[in-house]
Protein chains: 2
Amino acid sequence: MSADPSSRRGIPDATVARLPEYLRALTGFAERGITSVSSEELAAAAGVRSAKLRKDLSHLGSYGVRGVGYEVDHLAYQISRELGLTQDWPVAIVGMGNLGHALAAYSGFATRGFRVVALLDQDCDLIGQEIAGLPVRPMSALADLVAARGLAIGVIATPAASAQDVCDALVDAGVRSILNFAPCVLAVPDGVDVRKVDLSTELQILAFHEQRKALARGSVLVDGSLRRVASE
Amino acid sequence: MSADPSSRRGIPDATVARLPEYLRALTGFAERGITSVSSEELAAAAGVRSAKLRKDLSHLGSYGVRGVGYEVDHLAYQISRELGLTQDWPVAIVGMGNLGHALAAYSGFATRGFRVVALLDQDCDLIGQEIAGLPVRPMSALADLVAARGLAIGVIATPAASAQDVCDALVDAGVRSILNFAPCVLAVPDGVDVRKVDLSTELQILAFHEQRKALARGSVLVDGSLRRVASE
DNA sequence: ACGCGTTTGTGAAGGAATGCACAAAGTCAC
DNA sequence: GTGACTTTGTGCATTCCTTCACAAACGCGT
């Protein structure tokens, strides 16, 4: 009733990507007993400019009070609702290598309505083992998980070589949102969302900027390696 | 001589972020013995449009041949050089929890010129233990690592509560590029780059789109939970 | 009741990234 | 050598995102 539902169709992707950060910042304020924040304070905590924050929030409605700021709990709830975190999301992790192990134990998932309901692997030796309190199950369990547990999100933590097969199996079972940690591009039909997290990509981007800073500082490239030039 | 060095100052961030993906696609072609690709083929393998790929590549020079395409090895080398991957980058991982463990063992780092030279933790019980062939060392080893090993990139895999302290220690030691896995915003002085990877943020973005798809499909929100509406 | 100081929400401007469409530049067959 | 064919590199239009700047809206003290 307060917000106009028809006006908030189409929140920009860039905004959606920042909402989780705002939410985390708000949680931090709430934990310290702060009940009200200005856009300036919240923006600083989230690492953005206040104008950007205000424009982002304006896409979900008008939840601030002019001259005062935002009520922490209320804004946190509104963002949670917009992101779909007021319901819980059953998640399955596929691929129980080092990374899958770490993800299964990662506490950050549970804190936001995400519930890891199954760990899957195609390696027969692993199946049946218990990791972080859950048994490792075979890929054939997928269809049942979607039907019985409402599984909606799949996390792929396998090597790149098997990622596409796993992805196909997830899609066949009815999973339409996939988080891919394997370093490869996945082909999916329309209506399926894939987000990719690539650890080595991030390092490469850092290396680019690091090289750039080194060059600016007066080093020079010799045979593709940085050599410091005698400066003074 | 071939490329004009003055013209390639300022490669757009969006382009830099895609270069690693192009490089991976090229590596894939090379492994299959393919020596030449068109922008169309490479774009398909990298999951982008060919026009975007060509514009991206045009920022680093003119390495294609009209009517033919790109020579796989040569283009891969040029991208590697631009990203700074022709030299090797000593990396230290701080925080040997589940995630740090997985990162230490992650093979994707080594394949691109990144060399994990040290694992650090502040937990006395962990120090001295060997993980993935490297001993866990105390934070006090940092200064020496920068001086003696040329450490340039730090990876933070600690809980959020200690991330800022670890970050400060890295910056004090002279590290100017940081990859942060802790779910928090880091404050750093000018000249230091931080990239953040947040597993839970990615899931939240997926949840947003998943909720949106469910609503479009005809479900309805009741008390913040999705309920399927009798459709026909 | 009223004016003052504060902070939001938002039009408008500016900048960045994307997609289109085609001329320029190359190969290849003959 | 020449012409047909292919594919790159890029100017232009468009869309998306960010930043600026300010009017509108609120609380508070008097």
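Heavy atoms only: backbone and side chains are in, while hydrogens, waters and symmetry mates are out. Proteins come first, then strands; the chains are lettered A, B, ... in the order of their sequence lines, and each starts at number 1.
- Protein atom CG of A/D13 is 14 Å distant from nucleotide atom C1' of C/dA17, rounded to whole Å.
- Side-chain N/O atoms of B/R18 include one lying less than 4.0 angstrom from OP1 or OP2 on C/dT18.
- Residue A/Y70 has a polar side-chain atom (N or O) positioned under 4.0 Å from OP1 or OP2 of C/dG9.
- One interatomic measurement links the two molecules: CG of B/L57 to P of C/dT18, which rounds to 13 Å at whole-angstrom precision.
- Residue order along DNA chain C, read from the 5' end via each residue's closest nucleotide, puts A/G67 first among A/S58 and A/G67.
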For a side chain to side chain donor-acceptor pair (under 3.5 Å) check, start with the C-alpha distance between B/T86 and B/R81, then their side-chain angles and the critical distance, and finish with the verdict. CA-CA 5 Å; B/T86 51; B/R81 193 173 53 78; over 6 Å; no
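- To the nearest angstrom, P of C/dG9 lies 12 Å from CG of A/L42.
- If you walk DNA chain D from 5' to 3' and mark each nucleotide with an atom closer than 4.0 Å to a heavy atom of chain A, the marks span D/dC17 to D/dG27.
- Among the nucleotides C/dG26, C/dT8, C/dA21, the one closest to the side chain of B/R54 is C/dA21.
- Side-chain contact between B/Q164 and B/L186 is present, with at least one heavy-atom pair separated by less than 4.5 Å.
- Using a distance-only test at 3.5 Å, with no hydrogens or angles considered, no donor-acceptor pair links the side chain of A/S162 to the main chain of A/T158.
- Side-chain atoms of A/Q211 never come within 3.5 Å of backbone atoms of A/F208 as a donor-acceptor pair (strictly under, hydrogens ignored).
- Summary of the strand contacts: A/A51 and B/V37 both lie near DNA chain D, and taking for each the nucleotide with the nearest heavy atom, the more 5' one is attributed to B/V37.
- A heavy-atom distance below 4.5 Å is not found between the side chains of A/I205 and B/D193.
- Counting heavy atoms of neighbouring residues, nucleotides and ligands inside a 6.0 Å radius, atom CD of B/E40 does not exceed 12 of them.
- With the nearest nucleotide of DNA chain D identified for both B/E40 and A/A14, B/E40 has the one nearer the 5' end.
- A/S39 has no side-chain polar atom (N or O) that falls below the 4.0 Å cut-off from OP1 or OP2 of C/dT7.
- Comparing C/dG19, C/dT10, C/dA24 against the side chain of B/K55 picks out C/dG19 as the nearest.
- Rounded to an integer number of Å, the gap from A/E41 CD to C/dT7 P is 8 Å.
- A/E21 and A/R24 are joined by a salt bridge, as a carboxylate oxygen and a charged side-chain nitrogen come within less than 4.0 angstrom of each other.
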